[in-house]
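Here the structure is laid out as C-alpha cells; the discussion comes afterwards.
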There are 2 protein chains.
Amino acid sequence: MSNTLQRKAGRPNKSVLSRELILAAALDVLERTGPEDFTMAALAADLGVKTPALYHHVGGKKEVLAGMREVISDRIDTSAFGTRPWPEAVSRWARSYRAAFAAHPYAIALLATLPVAGAHRTLTMYEAVAAGFRDGGWPEQLVVNNIVALENFILGSALDAVAPADMLEPGDFADKVPVFNAALRARGRTNSCAPAADQAFELGLEAIVAGMDARRSVHPRA
Amino acid sequence: MSNTLQRKAGRPNKSVLSRELILAAALDVLERTGPEDFTMAALAADLGVKTPALYHHVGGKKEVLAGMREVISDRIDTSAFGTRPWPEAVSRWARSYRAAFAAHPYAIALLATLPVAGAHRTLTMYEAVAAGFRDGGWPEQLVVNNIVALENFILGSALDAVAPADMLEPGDFADKVPVFNAALRARGRTNSCAPAADQAFELGLEAIVAGMDARRSVHPRA
DNA sequence: ACCTGAACACCGTTCAAGT
DNA sequence: ACCTGAACACCGTTCAAGT
C-alpha cells in the first residue's frame, strides 16, 4: 500500500517508518492475510519497504505481536467503573474487553498465548478494574483472583468468537452423539437472533457476575 | 530417543512408525522443546527417523497438532455426570478438563486456537456432558450455550495456568498502579496455599456454576 | 508400503554497503 | 540514522530412488 515507488538503498531524507506506523499496519495486514501468512515480509510489503527495514524500529516479530496486543488493550473501556454499580460496570468492561479482541479476530489466536510482562497500557487497564472492585466493596485479597477468573472467561470467549460457526457440527458422526446433536438443533430455536458465540458469552457473563456478586455480599466491606 | 542405529534407505522389514507412536512422541517432545522449537525435524529425531518419514503416517504438522488434541481430549473425565448432582458433576468435569490440558502446558498455547472439525473423541466428550445437562433438568435450548460458556472459562483458565507466575508484576511501573499493586500483594495473604492460577480457577468455577444453577431453577424441567 | 537423501520455496534475522 | 541487497540457518513439504 502507501507509496510504492521503488526506493534506492541509503537513508531516505524523511524517515518512512515508525514503531506506531508498523503496529497499525500490522493489525491491518494480519486481518487481511490471516495468522498463517502474517510474516515480516508481508508487513514490510504493506508499508512499501523491504523486510530488514523493520528491524530499525522493532526488535523482531515477537515485539511486533506484543505491541499489537498493547494497542488493542488500550481500546478496552473501563469508564463504567466510576459511574455504575459493580455488576453493571464489570459486565460493560467484560463486553468491551471481548469486543476489542473480536474486532481483530486473527489477533486473538496470535496474542492470547503471549506473555504480557511490562505491558504498561495493559497494567493501566488492570489499575482501573482493581479500583472498580475495591470501590464495589470487594475484600482486597479477592480482587486479583476475581479479575483473573473473569479474564479467563473473556479470553476463552474471544477465542470462541473467532472459531468457525460449524466447529461443533458432528457431521456423519451425528448418530453416535444423539443427545448432543439434538441440543445443537435446539440451540437454533432460541428467541435470540444473536450469533451463537454471543449467546454463550452473555449467558456465561450473567452467570459468573451473578455468582461473584452473591459471594461478594458474604464478605462485607470490612 | 529409542534405537538410534543409523538406518539405510529403503523400506525396513518391520515398520518403525505409526500414527499413534507419532502422537505420543509429539506430546513428549513438545514439553521438552517448548512450542517454539517443536518442529517436524525435532519430532522425527526423537523417533529415530528422518523428517520425511513422518509424512507416510500423518498429513502434515497441522494433523499432528489436531491428533495431539484428540489424545488429550480423550483423558477428560465425564464419569461424574451419571452419579452426582449437576453442580458437582459439572465442576468435576471442568477440573478434569483443565487438568488434562494443564498436564501438557505447552500444548494449550498450540492447540487452543485449532479448529476441531471432525474430532470424534472430542464429540464423544460433548455427548456425555450434554446428557449430564439434560438429566440435570436443563431446557434443551440452553444446553449447548452453557457448555460453550463453561468451556470458554476452562480453556481461558488452562491458558492462565501456563502463564508465568510473575506475568502481572508491575515492576518499576508499580507506583503508577497503586491499587492494583496493593491487591496483588494482598492476594499472597489468603489462607489458601494453592498456586494463584488454581485459586482464580476455583473461585471462577464456583461463581459460574452457582450462577448457572440459580438460572436453571428459573427454567424448570419442562 | 515405508524409509532415506536431495531439493524447493519459504521463514526470521543479521549485517555490510550506501546515502 | 535508516534504507536496500545479499546472505545465513532454519522451516514444512515433496518426491525420486532404494528395499
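Just so we're on the same page: letters track the sequence lines, and every chain starts at 1.
Distance NE2 (B/His57) to C1' (C/dT4): 13 Å, rounded to an integer number of Å. Atom CG of A/Leu54 and atom P of C/dG12 are 10 Å apart (whole Å). Across the protein-nucleic acid pair, B/Arg11 atom CZ and C/dC2 atom P stand 6 Å apart, rounded to whole Å. Distance OH (A/Tyr55) to P (C/dA16): 17 Å, rounded to an integer number of Å. D/dC11 atom C1' lies 15 Å from atom CG of A/Asp37, rounded to whole Å. In this structure, B/Met40 places its CE atom 17 Å from C1' of C/dC11, rounding to the nearest Å. One atom, NZ of B/Lys50, and another, C1' of D/dC15, lie 18 Å apart when rounded to the nearest Å. Following rounding to the nearest Å, B/Leu21 (CG) and C/dC2 (P) show an atom-to-atom distance of 13 Å.
Contact record, B/Phe180 with A/Ala130: CA-CB, 3.8 Å, taken as the closest heavy-atom pair.
Of the candidates C/dC3, D/dT13, D/dT4, D/dT13 carries the atom nearest the B/Lys61 side chain, counting heavy atoms from C-beta on. Here C/dC2 is the nucleotide among C/dT4, C/dC2, D/dC3 with the atom lying nearest to any side-chain atom of B/Pro12.
Of the N and O atoms on the side chains of A/Asp77 and A/Ser96, not one donor lies less than 3.5 Å from an acceptor on the other residue. The closest side-chain donor-acceptor pair between B/His104 and B/Arg75 falls under 3.5 angstrom. A side-chain donor from one of A/Glu151 and A/Tyr126 sits under 3.5 Å from a side-chain acceptor of the other. No side-chain donor-acceptor contact under 3.5 Å links A/Tyr55 and A/Glu63.
For C/dC10, the OP1/OP2 oxygens have no side-chain nitrogen or oxygen of A/Thr39 closer than 4.0 Å. In this structure, A/Lys8 does not reach the D/dT4 phosphate: none of its side-chain N or O atoms is under 4.0 Å from OP1 or OP2.
Comparing A/Leu17 and B/Ala9 by the nucleotide of DNA chain D whose heavy atom lies nearest to each, the residue mapping closer to the 5' end is A/Leu17. Each of B/Gly10 and B/Gly59 lies near DNA chain D, and the nucleotide nearest B/Gly59 is the one positioned closer to the 5' end.
Using N1 to N3 plus N6-O4 or O6-N4 for Watson-Crick, or N1-O2 and O6-N3 for G-U wobble, each under 3.5 Å, C/dC10 pairs with nothing. Pairing for C/dC15 is with D/dG5, a Watson-Crick or G-U wobble pair whose two hydrogen-bonding atom distances lie under 3.5 Å.
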